[in-house]
Visitor: 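Here it is, the structure, as structure tokens.
In what follows, every chain begins at residue 1, and chains take the letters A, B, ... in the order their sequences are listed.
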Amino acid sequence: QKEVEQDPGPLSVPEGAIVSLNCTYSNSAFQYFMWYRQYSRKGPELLMYTYSSGNKEDGRFTAQVDKSSKYISLFIRDSQPSDSATYLCAMTSPGDTGRRALTFGSGTRLQVQP
Amino acid sequence: NAGVTQTPKFRILKIGQSMTLQCTQDMNHNYMYWYRQDPGMGLKLIYYSVGAGITDKGEVPNGYNVSRSTTEDFPLRLELAAPSQTSVYFCASSSRQGAQPQHFGDGTRLSIL
């Protein structure tokens with residue numbers, strides 16, 4: 001079993017829809033949670049960074065962490081074709097260093113249809 | 001504001017050839033990483049470095065070597081290229097480890113034929 005599970009998709013939605021992307025994890029020590037967006041033929045870019053449980057909002061994006069369920073989500077409101085990309089979750093704990101600096105999900109491919 | 005720069009962007013190698021993938025960052029980050037990304041497999045850590053002169057193996061180091069002579073540069077060398085090394089390679093850096101996000105370059109697409 002992978003330490004971080006993420007549905008690979010693809011997830012196809014119409015423009016304007018609310019998108020929900022999710023990751024589950026097994027390591028209860030994780031405290032810092034990140035979402036990266038990766039456009040085709042580009043490197044991952046940091047989209048959201050949250051600590052512990054709760055919500056964080058940035059424009060059309062909301063990151064949600066439920067540590068009790070070991071479940072994190074990224075919501076995209078009013079989705080746009082420019083949101084079409086692969087979204088990777090990543091997580092870590094303060095003591096994670098070296099080869100465990102970040103643990104990544106395998107990514108969910110999102111397609112927003114005009 | 002260049003961030004992490006990788007060269008080349010694309011390369012085709014023949015089996016048995018060698019090459020060096022270049023990575024440089026201008027953020028004065030001590031920590032640097034090399035990943036490979038295969039379709040549907042996520043990012044796998046090849047090597048990492050915690051500072052100039054210090055490197056260590058990641059999850060999939062076989063067939064690769066690294067060096068870190070300066071803070072800015074972290075080249076990845078492939079010796080005796082094999083088809084299994086066909087992948088997209090990403091270099092990343094961070095200001096410290098533990099609870100810090102990593103900043104990625106745009107990758108090198110490598111095909112071994």
Visitor: What do you reckon, is NZ of K67(A) surrounded by more than 12 foreign heavy atoms closer than 6.0 Å?
Guide: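 Yes, NZ of K67(A) has more than 12 neighbouring heavy atoms, counting only those of other groups under 6.0 Å.
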Visitor: Heavy-atom cut-off 4.5 Å, strictly under: side chain, backbone, both or neither for R109(A) against chain B?
Guide: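 R109(A) has no heavy atom closer than 4.5 Å to chain B.
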Visitor: At their closest point, which heavy atom of G43(A) faces which heavy atom of D106(B), and how far apart are they?
Guide: N-OD1, 3.1 Å
Visitor: Of the backbone (N, CA, C, O) and the side chain (C-beta and beyond), which part of Y47(B) lies under 4.5 Å from a heavy atom of chain A, both, or neither?
Guide: neither
Visitor: Hydrophobic clusters here meaning ILVMFWY residues chained together by side-chain heavy-atom distances under 4.5 Å, can you tell me if Y32(A) and L88(A) are in one?
Guide: yes
Visitor: Tell me, for P8(A) versus chain B, whether the close heavy atoms (under 4.5 Å) come from the side chain, the backbone, both or neither.
Guide: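 Looking at P8(A), nothing touches chain B.
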Visitor: Are the side chains of R41(A) and R109(B) in contact, using a 4.5 Å heavy-atom criterion?
Guide: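 Yes, side chains in contact.
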Visitor: Of all the heavy-atom pairs spanning A101(A) and Y33(B), show the shortest one and how long it is.
Guide: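 The pair with the smallest heavy-atom distance is CB-OH, 3.7 Å.
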Visitor: Taking all heavy atoms of F90(B) and all of Q38(A), pick out the closest pair and write down the distance.
Guide: CZ-NE2, 3.3 Å
Visitor: Can you check side-chain contact (heavy atoms from CB on, under 4.5 Å) on Q102(B) and T92(A), steps first, answer last?
Guide: CA-CA 11 Å; Q102(B) 295 175 11; T92(A) 184; over 6 Å; no
Visitor: Between L43(B) and P44(A), what is the shortest heavy-atom contact and its length?
Guide: CD1-CG, 4.4 Å
Visitor: For the hydrophobic clusters of this structure (ILVMFWY residues joined by side-chain heavy atoms under 4.5 Å, transitively), does one cluster hold both Y48(B) and I54(B)?
Guide: yes
Visitor: Using non-hydrogen atoms only, which part of K9(B) is less than 4.5 Å away from chain A: side chain, backbone, both, or neither?
Guide: neither
Visitor: Against chain A, label Q6(B) side chain, backbone, both or neither, depending on which of its atoms sit under 4.5 Å from a heavy atom there.
Guide: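 The answer is neither part of Q6(B).
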Visitor: Using heavy-atom distances under 4.5 Å, tell me whether Y36(A) contacts chain B through its side chain, its backbone, both, or neither.
Guide: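 The side chain, not the backbone.
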Visitor: Do L76(B) and V88(B) sit in the same hydrophobic cluster, where Ile, Leu, Val, Met, Phe, Trp and Tyr count as joined when their side-chain heavy atoms come under 4.5 Å apart?
Guide: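 Hydrophobic grouping puts L76(B) apart from V88(B).
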Visitor: Is it the backbone or the side chain of L102(A) that comes under 4.5 Å from a heavy atom of chain B, or both, or neither?
Guide: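 Contact with chain B: backbone and side chain both.
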Visitor: Cluster question for you: counting only ILVMFWY and a side-chain heavy-atom cut-off of under 4.5 Å, with indirect links fine, are F10(B) and Y39(A) together?
Guide: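 Cluster IDs for F10(B) and Y39(A) differ.
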Visitor: Is L21(B) reachable from L13(B) through a run of hydrophobic residues whose side-chain heavy atoms are each under 4.5 Å from the next?
Guide: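 Shared cluster, yes.
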